[in-house]
Amino acid sequence: MRKIYCEIIFCEIVKNCIIIRNGAASSAAGEGFSYMLKILVFLLGVLIGTMGTAAAGDMTNDSERYLVGDGHVGLIDSGLTPDGVNQVVRDVYQGRSVDAVEPVGEGRSARVTNIYIPAAAADQPAIKLIWDEAGKIYRLEACSSQFMTRQGIHAGSSWNEIVSIYPDAKLGFENIIAFYPGEKVTCMFDPHANVDWEAIRSGRTSVPGDLPVWRLFTY
């Protein structure tokens, strides 16, 4: 739509310039300028309204752009193809994707896509996608604090923050906590943290309140 408006403005300017260049009477030239000015003022108002609507749309999208849960991290969801992922990363986040083969647990490796975006740390991926053998995403990981659940939990949130929002949260297998089913999110603490995980799981000691979340997972 804005392209059409710009074309109209261009045509009006060209038309009125031709009137003046051809040596039309000063009154005719004046009328041409007056008419052109009215058109420009009108279209400027329309364009401002259009840009305002677009800006409002961008603000609405921002609420989903960094949300984690229900099979998506931001605007990347488990149903996207590799080309679809690359397009979202490039067009929405102005970032880049790097494919690799990495260990993914349980003694196996898989194809992964590490996604780097300007809004996060430059030396580590903000999002990690793990692909299955059929070429579909089966796990999405939010590695940056930019991405969070609807309740505000993100990489770097502490155990105290988690239990304040999810009172029934408990440490499970491989240092993982599952959030409420409606969000379809789990979080994992750093397996290399200086913590006696076995003592915590057995109940001999409690989880340190300042223990930070390492990553959020969704499927």
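It should be emphasised that the depicted structure is a prediction, and the values quoted were computed from it without experimental measurement.
Residues Tyr116 and Val89 do not share a hydrophobic cluster, clusters being chains of Ile/Leu/Val/Met/Phe/Trp/Tyr side chains in contact below 4.5 Å. In this structure, Ile130 is not a member of the same hydrophobic cluster as Tyr219, with clusters built from ILVMFWY side-chain heavy atoms closer than 4.5 Å. In the hydrophobic clustering of ILVMFWY residues, with side-chain heavy atoms under 4.5 Å counting as a link, Val88 and Val68 come out together. Under a hydrophobic-cluster definition in which Ile, Leu, Val, Met, Phe, Trp and Tyr are linked whenever side-chain heavy atoms come within less than 4.5 Å, directly or via other members, Val112 and Ile115 are assigned to different clusters. Hydrophobic clustering of Ile, Leu, Val, Met, Phe, Trp and Tyr side chains at less than 4.5 Å, counting indirect connections, unites Ile177 with Val73.
Within the 4.5 Å cutoff, the side chain of Ile200 has no heavy atoms near those of the Phe189 side chain. In this structure the side chain of Gln151 never reaches within 4.5 angstrom of the side chain of Ser157, judged on heavy atoms. Residues Thr218 and Glu183 form no side-chain contact, since every pair of their non-hydrogen atoms from C-beta on lies 4.5 Å or further apart. The closest side-chain heavy-atom distance from Arg139 to Lys128 is not below 4.5 Å. Using a 4.5 Å heavy-atom threshold, the side chains of Asp190 and Pro212 count as separate.
What you find for Trp159 and Pro208 is that their closest heavy atoms are CB-O, 3.5 Å. Nearest heavy-atom pair, Val213 versus His154, reported as atom, atom and distance to 0.1 Å: CB-O, 3.7 Å. Between Ala155 and Ala142, the shortest heavy-atom distance links the atoms CB-O, 4.3 Å.
Atom-to-atom distance recorded for Asp77:CG and Leu140:CG is 7.5 Å, nearest 0.5 angstrom. Between the CD1 atom of Ile153 and the SG atom of Cys187 there is a distance of 7.5 Å, given to the nearest 0.5 Å. The distance from the CG atom of Asp132 to the OH atom of Tyr138 is 8.0 Å, given to the nearest 0.5 Å. Annotation: the span from His72 atom NE2 to Glu64 atom CD amounts to 6.0 Å, rounded to 0.5 Å. To the nearest 0.5 Å, atom CG of residue Asp70 and atom CZ of residue Arg150 are 8.5 Å apart. With rounding to the nearest 0.5 angstrom, the CZ atom of Arg111 is 9.0 Å from the CD1 atom of Ile137.
A donor-acceptor pair is defined here as one N or O able to donate and one able to accept, closer than 3.5 Å; such a pair exists between the side chain of Glu161 and the backbone of Ser158. Not a single donor-acceptor pair under 3.5 Å links the side chain of Gln124 to the backbone N or O of Cys143. Panel note: side chain Tyr93, backbone Leu75; a donor-acceptor pair is recorded below 3.5 Å.
A 6.0 Å sphere centred on CD of Glu133 holds no more than 12 heavy atoms belonging to other residues, nucleotides or ligands.
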From CA spacing to verdict: side chain to side chain contact (heavy atoms under 4.5 Å, CB included), Leu129, Leu80: CA-CA 11 Å; Leu129 308 178; Leu80 287 178; over 6 Å; no
Audit row: Leu216, Phe147, side chain to side chain contact (heavy atoms under 4.5 Å, CB included) steps and yes/no: CA-CA 9 Å; Leu216 299 180; Phe147 297 89; 5.9 Å; no
